[in-house]
Protein chains: 2
Amino acid sequence: MSEGFTRSTKQRTIIIDLLARLNRFVSAQELHAALRQAGSTIGLSTVYRNLATLTKAGDIDIILREDGEALYRSCSPQHHHHLLCKSCGTTVEITAELVEAWSHDIAHAHGFSDVQHTVEIVGLCRACRS
Amino acid sequence: MSEGFTRSTKQRTIIIDLLARLNRFVSAQELHAALRQAGSTIGLSTVYRNLATLTKAGDIDIILREDGEALYRSCSPQHHHHLLCKSCGTTVEITAELVEAWSHDIAHAHGFSDVQHTVEIVGLCRACRS
DNA sequence: GTAAGTGCAAACGGTTTGCAGCCTC
DNA sequence: GAGGCTGCAAACCGTTTGCACTTAC
């Protein structure tokens, strides 16, 4: 059996720590580069594997940039959406009961079931505007 | 000079025709395979280049699948969102004045300007449910 | 001791690009 | 006939995988 539980390794620890310190979305490559820069000998595949594990566990959020590259960020566990600065990547978590209800209603009105939705708002934050 | 206007070629024509006939999102690879199947000798890069041109002109919509592959579909010119069937790819265009206003308000409330948003609703359509 | 985790290098898959010839205007 | 367009093949780049070694438990 042994349903593949998750071990604690120092690589996983430093990934989680760094993600927690950054309040923004970063790519796997960027994360890897930052860790190497900081002296770690961690491999790129280890970064990807841990990000996949953390995502599956619901500990981090993924969004896709327009070019298809994935960006990761540690997040709060409950359902939410993001307000993202296109310049610095800073993120504000927002809730949207209004949109939840609306998407549910409109889907059902068209005969759709098993509904999920994605909502992302991107703009320029106050700091980056000036 | 010659600001690169767009010529009409038979490759571009068949791409536009096929996209118009399909009421759903398809990948570039899928489109290419379908055209080859239909007897065309069109190249994959031609498909990509034409899709890029059409996108820039605003004639087709792009969305990114979860794995990062891009999907394309001919669309109406005005701003709208999509209700997408995850099984067959059928798409319903929807408008969402409510969400437009909401996203604008919440962004400004957090000091963000120059706001854009993405909203996609995916589910299972009536035909695919049965 | 066992099996999950790691690092490396090679493979993968979608997309982009360089180039020689073709075709629209 | 000039310059955009095409098809092919090779390059690109983010991501995944095979494998032998290490390490948490």
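By convention in this document, chain letters (A, B, ...) are assigned in the order of the sequence lines, proteins followed by strands, and residues within each chain are numbered from 1. Note that the coordinates shown come from a computational prediction; the quantities given were computed from them, not determined experimentally.
Within 6.0 Å of CD in Gln116(A) there are 12 or fewer heavy atoms belonging to other residues, nucleotides or ligands. Within 6.0 Å of the CZ atom in Arg126(A), the count of heavy atoms belonging to other residues, nucleotides or ligands does not exceed 12.
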- Mark up nucleotides 17-25 of chain C, 5' to 3', with B wherever a protein heavy atom is under 4.0 angstrom from a base atom, S wherever such an atom reaches only the sugar-phosphate, and - elsewhere. BB-----BS
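Put simply, CG on Leu31(A) is 15 Å from C1' on dT15(D), counting in whole angstrom units. Atom CD of Glu66(B) and atom C1' of dG14(D) are 17 Å apart (whole Å). Rounded to whole Å, atom P of dT6(D) lies 12 Å from atom CG of Leu35(B). Between the CG atom of Leu71(A) and the C1' atom of dC13(D) there is a distance of 15 Å, given to the nearest Å. Here the P atom of nucleotide dG5(C) and the CD1 atom of Ile15(A) are 12 Å apart, to the nearest Å. The NE2 atom of His32(B) sits 15 Å away from the P atom of dT16(C) (whole-angstrom rounding). With rounding to whole Å, Ile63(A) atom CD1 is found 16 Å from dG14(D) atom P. For the pair Leu51(A) CG and dT6(C) C1', the computed distance is 15 Å after rounding to whole Å.
Between His81(A) and His117(A), the ring planes are tilted. Angles from 30° to 60° get that label.
With dT15(C), dG14(D), dG7(C) as the choices, the nucleotide that has an atom nearest any side-chain atom of Gln29(A) turns out to be dG14(D). Counting only heavy atoms from C-beta on, Thr41(B) has its side chain closest to dG7(D) among dG7(D), dT6(D), dT15(C).
Here Asn50(B) lies in heavy-atom contact (under 4.0 Å) with sugar-phosphate atoms only. Leu44(A) comes within 4.0 angstrom of a nucleotide base, judged by non-hydrogen atoms across all strands.
No side-chain N or O of Tyr72(B) forms a donor-acceptor pair with one of Glu30(B) less than 3.5 Å apart. The closest side-chain donor-acceptor pair between Arg129(B) and Ser113(A) falls under 3.5 angstrom. Side-chain atoms of His82(A) and His80(A) include a donor-acceptor pair closer than 3.5 Å.
Checking the phosphate oxygens (OP1, OP2) of dG7(C), a side-chain nitrogen or oxygen of Gln11(A) falls inside 4.0 Å. In terms of phosphate contacts, Thr46(A) brings no side-chain nitrogen or oxygen within less than 4.0 Å of OP1 or OP2 of dG5(C).
The existence of a salt bridge linking Glu66(A) and Lys86(A) is excluded, since no basic side-chain nitrogen approaches an acidic carboxylate oxygen closer than 4.0 Å.
Comparing Ser27(B) and Ser40(A), the nucleotide of DNA chain C nearest to each residue sits closer to the 5' end for Ser40(A).
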